[in-house]
Amino acid sequence: MQSVKIRIRRATRVYTFLCPDIELQRDDPCIVRSDRGLEYGVCVIPPESCPDDAGERIKMEVVRKASLSDEADFIELQTEEHKAMQVCEEKIRERHLPMKLVDAEYTFDKHKAVFYFTAADRVDFRQLVRDLAQALRVRIELRHIQVRDAARLTGGLGVCGRELCCASWLREFKPISMKMAKRQNLSLNPTKISGQCGRLLCCLGYENDQYGGKKIASALASSGEAVREEGLEEIFEEDDLSALIDIGESIAYDDEELNNLTDEYEPFSPESAAPPATGAPVAQGQEAPKKRKRRRKRKHTSPGANSPETSEPDES
């Protein structure tokens with residue numbers, strides 16, 4: 001039993017297929033059978049052996065290696081897809097439907113056409129399906145997708161100058177919030193941190209987990225606190241730490257809290273760190289502070305309620 005990785009149409013659509021005695025190399029075109037029918041794909045990973053129990057769970061398989069006639073049919077199929085999009089856009093304008101057509105795909109055997117569209121609300125497109133079926137003479141399927149999926153299908157370049165992550169390698173979308181931009185000290189202007197889809201950039205979540213501890217450590221370094229980042233994350237919640245950085249408050253720890261926090265901690269600035277109090281344990285490798293002798297000054301007390309009143313003799 002052998003399995004192979006096949007890319008269908010786009011970079012993010014890579015699926016596992018069974019490969020029964022078909023020699024395929026990387027970048028070889030092939031015809032596969034998926035849940036939608038026959039599809040044209042490109043080999044990404046050559047066939048490799050897989051366990052029998054894993055092969056039984058794979059329902060899709062490779063039909064044959066693509067020939068020159070198959071490649072010519074695929075080029076002609078792309079032309080038919082462009083014409084199908086024009087027909088669909090005309091029908092949408094005639095019906096005055098509040099929807100935007102994104103892409104159209106034919107299966108390799110031309111038995112089915114899939115149209116992708118975006119819309120703000122739910123759209124009743126049953127009559128549109130009938131019109132398209134009469135015009136194209138194929139089975140019609142309409143799929144309502146989100147704006148991020150539309151950017152994945154359309155493709156393009158991001159603000160960084162490279163191809164969109166969702167169109168090149170990103171498999172799934174994770175939730176992105178303005179807190180991530182605030183935590184990374186980025187601009188909070190939505191127009192500057194939004195992508196082609198109009199939503200917040202997916203790359204805001206790439207380094208989000210690396211922030212927080214380092215910022216808190218730098219904030220506490222200015223106040224001279226001697227604690228480790230791991231301890232901070234255990235004591236405070238994320239919202240409390242972000243509020244601490246914004247307000248610029250300092251945190252005071254008791255001896256019991258520091259002992260519970262960690263056994264080993266180093267000050268941020270040893271030169272400016274305050275010396276330990278008398279009787280406190282001295283860390284290994286440090287010299288004990290020298291005791292300073294102080295002169296005791298006499299305290300002149302004024303007569304009070306608890307002290308006896310004294311009167312000087314009258315010289316006169």
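- Applying the under-4.5 Å side-chain rule to Ile, Leu, Val, Met, Phe, Trp and Tyr, the cluster around Met1 extends to Leu18, Ile58.
- The two residues Ala151 and Cys197 make their nearest non-hydrogen contact at CB-CB, 3.9 Å.
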### Task
Would you sort out whether Arg143 and Glu105 count as a salt bridge (charged side-chain N to carboxylate O under 4.0 Å, His left out), showing the intermediate values?
CA-CA 11 Å; Arg143 290 190 179 183; Glu105 287 184 0; over 6 Å; no

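- Here the side chain of Glu81 pairs no donor or acceptor atom with the backbone of Asp103 at under 3.5 angstrom.
- Side-chain N or O atoms of Gln184 include one that pairs as donor or acceptor with a backbone N or O of Leu204 at under 3.5 Å.
- Note on ring orientation: taking the six-membered ring where Trp is involved, the planes of Phe117 and Phe125 are perpendicular (angle over 60°, cut-offs 30° and 60°).
- A salt bridge does not link Glu141 to Arg139: none of the charged nitrogens lies less than 4.0 Å from a carboxylate oxygen.
- Between Thr118 and Met99, the closest side-chain pair of non-hydrogen atoms is not below 4.5 Å.
- To the nearest 0.5 Å, atom CZ of residue Phe74 and atom OG1 of residue Thr79 are 10.5 Å apart.
- Counting non-hydrogen atoms of neighbouring residues, nucleotides and ligands closer than 6.0 angstrom, the CD atom of Gln146 reaches no more than 12 such neighbours.
- When all heavy atoms of Cys19 and Pro47 are compared, the closest pair comes out as SG-CG, 3.7 Å.
- Atom CD of Glu94 and atom CG of Asp131 lie 7.5 Å apart (nearest 0.5 Å).
- Residues that satisfy the side-chain hydrogen bond (donor to acceptor under 3.5 Å, both in side chains) test with Ser69, not counting sequence neighbours, are Ser67.
- Look at Asp35 and Lys59 and you find no salt bridge, because none of the NZ, NE, NH1 or NH2 atoms lies under 4.0 Å from a carboxylate O.
- With values rounded to the nearest 0.5 angstrom, Leu97 atom CG is found 6.0 Å from Leu128 atom CG.
- For the pair Arg199 and Phe173, the minimum side-chain heavy-atom distance is 4.5 Å or more.
- Applying the salt bridge (charged side-chain N to carboxylate O under 4.0 Å, His left out) test to Asp149 and every residue at least two apart in sequence or in another chain returns nothing.
- Rounding to the nearest 0.5 Å gives a distance of 12.0 Å between OG1 of Thr12 and CD of Glu172.
- Contact check for Ser168 versus Leu164: no side-chain heavy atoms found under the 4.5 Å cut-off.
- Pairing each heavy atom of Leu132 with each of Lys91, the nearest pair is CD2-CG, 4.1 Å.
- The two residues Met180 and Pro175 have their closest heavy-atom pair at CE-O, 3.6 Å.
- Considering every non-hydrogen atom in both Phe115 and Ala84, the closest pair reads CE2-O, 3.7 Å.
- Linking ILVMFWY side-chain heavy atoms closer than 4.5 Å, directly or via other members, places Val114 and Val129 in two distinct hydrophobic clusters.
- In the model, Asn189 has a side-chain atom that pairs as donor or acceptor with a side-chain atom of Thr191 under 3.5 Å.
- For Glu207, the CD atom is loosely surrounded, since the number of other residues' heavy atoms within 6.0 Å does not exceed 12.
- Hydrophobic cluster of Leu157: no remaining members, since no ILVMFWY side chain lies below 4.5 Å from it.
- Using a 4.5 Å heavy-atom threshold, the side chains of Asp70 and Phe108 count as touching.
- Criterion: ILVMFWY side-chain heavy atoms under 4.5 Å apart, direct or through other members. Under it, Val147 and Tyr116 are not part of a common hydrophobic cluster.
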### Task
Starting from the C-alpha separation in whole Å, work towards a yes-or-no answer on side-chain hydrogen bond (donor to acceptor under 3.5 Å, both in side chains) for His82 and Gln78.
CA-CA 6 Å; His82 183 68; Gln78 292 177 331; over 6 Å; no

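- Leu77 and Val42 sit in two unconnected hydrophobic clusters of ILVMFWY residues. Membership requires side-chain heavy atoms under 4.5 Å apart, directly or through other members.
- By the criterion of side-chain heavy atoms lying less than 4.5 angstrom apart, applied directly or through intervening Ile, Leu, Val, Met, Phe, Trp or Tyr residues, Met85 is grouped together with Ile140 in one hydrophobic cluster.
- Residues passing the side-chain hydrogen bond (donor to acceptor under 3.5 Å, both in side chains) test with Arg148: none are found, sequence neighbours excluded.
- Annotation: the span from Leu188 atom CG to Met178 atom CE amounts to 4.5 Å, rounded to 0.5 Å.
- Although no hydrogens or angles enter the test, the distance criterion places no donor-acceptor pair under 3.5 Å between the side chain of His144 and the main chain of Arg122.
- Both Leu186 and Leu201 belong to a single network of hydrophobic side chains, linked directly or stepwise wherever heavy atoms of I, L, V, M, F, W or Y lie under 4.5 Å apart.
- Listed here is the closest heavy atom pair of Arg171 and Arg152: O-NH2, 3.0 Å.
- Side-chain contact between Leu170 and Cys202 is present, with heavy atoms from C-beta onward closer than 4.5 Å.
- Using a 4.0 Å cut-off between charged nitrogen and carboxylate oxygen, Arg13 and Glu39 do not count as a salt-bridge pair.
- For Arg26 (side chain) and Val44 (main-chain N/O), a donor-acceptor pair under 3.5 Å exists by modelled atom type.
- Side-chain contact check for Leu142 versus Val123: every heavy-atom pair is 4.5 Å or farther apart.
- The CG atom of Leu38 sits 12.0 Å away from the CZ atom of Arg36 when rounded to the nearest 0.5 Å.
- Through direct or relayed side-chain contacts under 4.5 Å between Ile, Leu, Val, Met, Phe, Trp and Tyr, Leu24 connects to Val4, Ile6, Ile8, Tyr15, Phe17, Ile22, Val32, Met60, Val62.
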